[in-house]
Amino acid sequence: MRHLALACLCLAAAACGGDFSNDDLEFLNALPQREDLAVKLSAASEGRSGGGLTTRKDGLVVRLGEASRVSGDTDKTGREFNGAVDGLLSLLENIRNSSPTSREPDRRVWGPFKDKDHPRFDVRFVMERRELRFDYRLEYRRTGEGDDAWWALLMGWFQADAGIRKGVGALSLDVKRATEETFPVGGLFTLDRLDIDYQTKALPTRVEMAFTPRGSLTEPTRYMYREAAGRLGEMRFTLPDIDLVVGGRLEDVALTTRWAPDGRGMGVLEVLDGDIKGAKYTECWNALGRVTFLARSWDFFNPTEGDRGSCADFSALDE
C-alpha cells in the first residue's frame, strides 16, 4: 500500500502550497482522515502480551486471571486494520497540501502530472460536487494517451450531513484494474479490491472494511469497527480454522469484542463451523487484560466462572 502511495508524491511536488479558497476547503473536508476511520484501541492495550486464539492450541482452555486471548486477537486485528487504513489514506495525503490545478464551480482537478515513480504513467486527482455529495477519483493513464484512457485506481464518495467530515462515505482500491493495466501493485497482488464504508454522522460511528481476494475464489474478508460515546469501541471479524477444542475439526468463529478506554473489555465468540458448531463463548477482562469472567454454552457442569459484574457496561453499543 505504501508503495502505491509514492505515486501521489508528484502531485505535492508540482502543486505545493496552501492557496486555498473557502470552497476548496469544502472539497478537501470531504476526504476522510485517519481519525475518521482508525480503530481507537485503549492505551492499556499497548505492550500487552499473551497471544491470541490464532497462536494457541486448545484456544478456549483459559483460566481466571490469565491473559485474555480474545483481547490479544482484538489488539492484533485492530493494529492490522489501522495499517490498511493508513496505507489507503496515504494515497490522499498529499492532496491536502496541494492547490488544485484547475477549478470549476463544482469540480476540482489536481494534475495531470507525469508519475516520477512509474514513468510510463500520468496521474491526476478529480473531485466533483453534487449538492452535499462529493465524488473523487485517483486516475492514471499511460503517457501519451488521450482523455478517454484515464482509469481509476482509487474511487470514493462522501455525503455530508452535519458539521465538518460528518456524514457517510466509502472508498475503494481497484487492484484488479491496476493489474490489468500492468500498474505495479506491490504487496496487494493477492487482492482484487479493498473497500471501506463508513458513517461519522451519529454515534456509534461505524467503519467496515472488506478485502476481496484475487479471482474472488472465496468470500471477502470483512472487519467492522464501531465507536460509541465515552470512546467505547467494538470490533467484529471472523477467525477461520481455529483449534478451539479437542476434536477432529477446526473451528471457524465470528468474534465481537468491546473495550473501554481504561482497557477493560468483553468478547463474544460464536462458532460458525467445526466440532462445536453453534456454541457461544463469552469472556470479560480487566484493565490489565486478565480474564475476570467466562461462560461456555456447551459446558453443562461448569457453564460460568468468575464475576459477571466485573464486565464493563457496553450498553451504548447495543444501538
Practice problem: Run the numbers on Glu208 and Arg236 for side-chain contact (heavy atoms from CB on, under 4.5 Å), then give the verdict. | Solution: CA-CA 9 Å; Glu208 186 169 0; Arg236 298 180 183 178; over 6 Å; no
Quiz item: After noting the C-alpha distance and the side-chain angles of Asp24 and Arg103, does the key distance pass the side-chain contact (heavy atoms from CB on, under 4.5 Å) rule?
Solution: CA-CA 9 Å; Asp24 288 341; Arg103 295 177 172 92; 2.7 Å; yes
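- For the pair Trp259 and Met235, the minimum side-chain heavy-atom distance is below 4.5 Å.
- Following chains of ILVMFWY side-chain contacts shorter than 4.5 Å, one cannot reach Leu91 starting from Val126, and the two form parts of different hydrophobic clusters.
- Using a 4.0 Å cut-off between charged side-chain N and carboxylate O, Arg141 and Asp148 make no salt bridge.
- For Glu180, the CD atom counts as densely surrounded, since its 6.0 Å shell holds more than 12 non-hydrogen atoms of other residues, nucleotides or ligands.
- Taken to the nearest 0.5 Å, the CG atom of Leu317 stands 5.0 Å off from the CZ atom of Arg258.
- In terms of hydrophobic clustering, with Ile, Leu, Val, Met, Phe, Trp and Tyr side chains grouped at heavy-atom distances under 4.5 Å, Leu25 and Leu31 are assigned to a common cluster.
- Remark: Glu35 does not engage Lys40 in a salt bridge, criterion side-chain N to carboxylate O under 4.0 Å.
- Surrounding NZ of Lys176 are at most 12 heavy atoms belonging to other residues, nucleotides or ligands under 6.0 Å away.
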Quiz item: When you look at Gln159 and Leu132, which way does the side-chain contact (heavy atoms from CB on, under 4.5 Å) test go after all the steps?
Solution: CA-CA 6 Å; Gln159 179 80 37; Leu132 295 178; 3.6 Å; yes
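- Annotation: side chain of Ile95 is not in contact with side chain of Arg108 (no heavy-atom distance under 4.5 Å).
- Remark: the backbone N or O of Gln33 is paired with a side-chain donor or acceptor of Asp36 at under 3.5 angstrom.
- Across every non-hydrogen atom of Arg264 and Phe314, the tightest pair is O-CZ, 4.0 Å.
- The side-chain heavy atoms of Leu232 and Pro261, taken from C-beta on, include a pair separated by under 4.5 Å.
- Counting only heavy atoms from C-beta outward, the side chains of Asn286 and Ser310 never approach each other to under 4.5 Å.
- In the hydrophobic clustering of this structure, Leu269 does not group with Met266; members are Ile, Leu, Val, Met, Phe, Trp, Tyr whose side-chain heavy atoms approach within less than 4.5 Å, directly or through other members.
- Ring geometry for Tyr136 versus Phe125: interplanar angle of 30 to 60°, hence tilted.
- Taken to the nearest 0.5 Å, the CZ atom of Arg193 stands 5.0 Å off from the CE atom of Met155.
- Annotation: Glu219, atom CD; neighbour count of heavy atoms from other residues, nucleotides and ligands within 6.0 Å does not exceed 12.
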Practice problem: Would you sort out whether Thr190 and Phe211 count as a side-chain contact (heavy atoms from CB on, under 4.5 Å), showing the intermediate values? | Solution: CA-CA 10 Å; Thr190 61; Phe211 296 85; over 6 Å; no
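- The closest donor-acceptor contact from the side chain of Gln199 to the backbone of Pro204 lies under 3.5 Å.
- Between Val271 and Val253 there is a side-chain heavy-atom pair separated by less than 4.5 Å.
- Taking CZ of Arg177 as the start and OG of Ser172 as the end, the distance is 14.5 Å to the nearest 0.5 Å.
- Tested against Glu305, the residues Leu64, Val291, Thr292 include a single side-chain contact (heavy atoms from CB on, under 4.5 Å) partner, Leu64.
- The shortest heavy-atom contact between Ala38 and Tyr225 is O-CE2, 3.5 Å.
- Checking Thr77, Asp75, Asn82, Thr74 one by one against Val39, the side-chain contact (heavy atoms from CB on, under 4.5 Å) holds for a single residue, Asn82.
- Linking ILVMFWY side-chain heavy atoms closer than 4.5 Å, directly or via other members, places Leu173 and Phe189 in a single hydrophobic cluster.
- Ring orientation note: the planes of Phe183 and His118 are tilted relative to one another, at an angle of 30° to 60°.
- Annotation: Arg308, atom CZ; neighbour count of heavy atoms from other residues, nucleotides and ligands within 6.0 Å does not exceed 12.
- Inter-residue side-chain proximity for Ile196 and Leu88 is flagged as met; some heavy-atom pair is nearer than 4.5 Å.
- Summarising the geometry of Thr304 relative to Ala295, their closest heavy-atom pair is CG2-CB, 3.8 Å, with the distance given to 0.1 Å.
- The two residues Ala178 and Val185 make their nearest non-hydrogen contact at CB-CG1, 3.7 Å.
- Ring planes of Tyr281 and Trp298: tilted class, angle from 30 to 60°.
- Remark: side-chain polar atoms of Thr101 are paired, donor with acceptor, to backbone N or O of Gly111 under 3.5 angstrom.
- Cluster annotation: Leu171 is connected to Leu28 through the hydrophobic network of ILVMFWY side chains, with a link wherever side-chain heavy atoms come within less than 4.5 Å.
- Of all non-hydrogen atoms in Leu37 and Pro32, the two that sit nearest each other are CD1-CB, 4.0 Å.
- In this structure, Arg296 CZ and Leu294 CG are separated by 5.0 Å, a value rounded to the nearest 0.5 Å.
- Taking CZ from Arg133 and CD from Glu128, the interatomic distance works out to 11.0 Å, rounded to the nearest 0.5 Å.
- Looking at Ser68, its side chain never comes within 3.5 Å of a backbone N or O of Arg290 through a donor-acceptor pair.
- The distance from atom CD of Glu283 to atom CZ of Phe293, rounded to the nearest 0.5 Å, is 10.5 Å.
- The ring pair (Phe, Tyr, Trp, His ring centres under 6.0 Å) test with Tyr140 is passed by exactly one of Phe113, Trp150, Trp151: Trp151.
- Under the side-chain hydrogen bond (donor to acceptor under 3.5 Å, both in side chains) test applied with Asp135, the options Arg107, Arg130, Arg129 reduce to a single match, Arg130.
- The side-chain heavy atoms of Arg214 and Leu191, taken from C-beta on, include no pair separated by under 4.5 Å.
- A 4.5 Å side-chain heavy-atom check between Tyr198 and Phe158 finds at least one atom pair inside the cut-off.
- For the 3.5 Å distance criterion, the side chains of Arg142 and Thr182 qualify, holding a donor opposite an acceptor.
- Between Pro112 and Arg124, the shortest heavy-atom contact is CA-CB, 3.9 Å.
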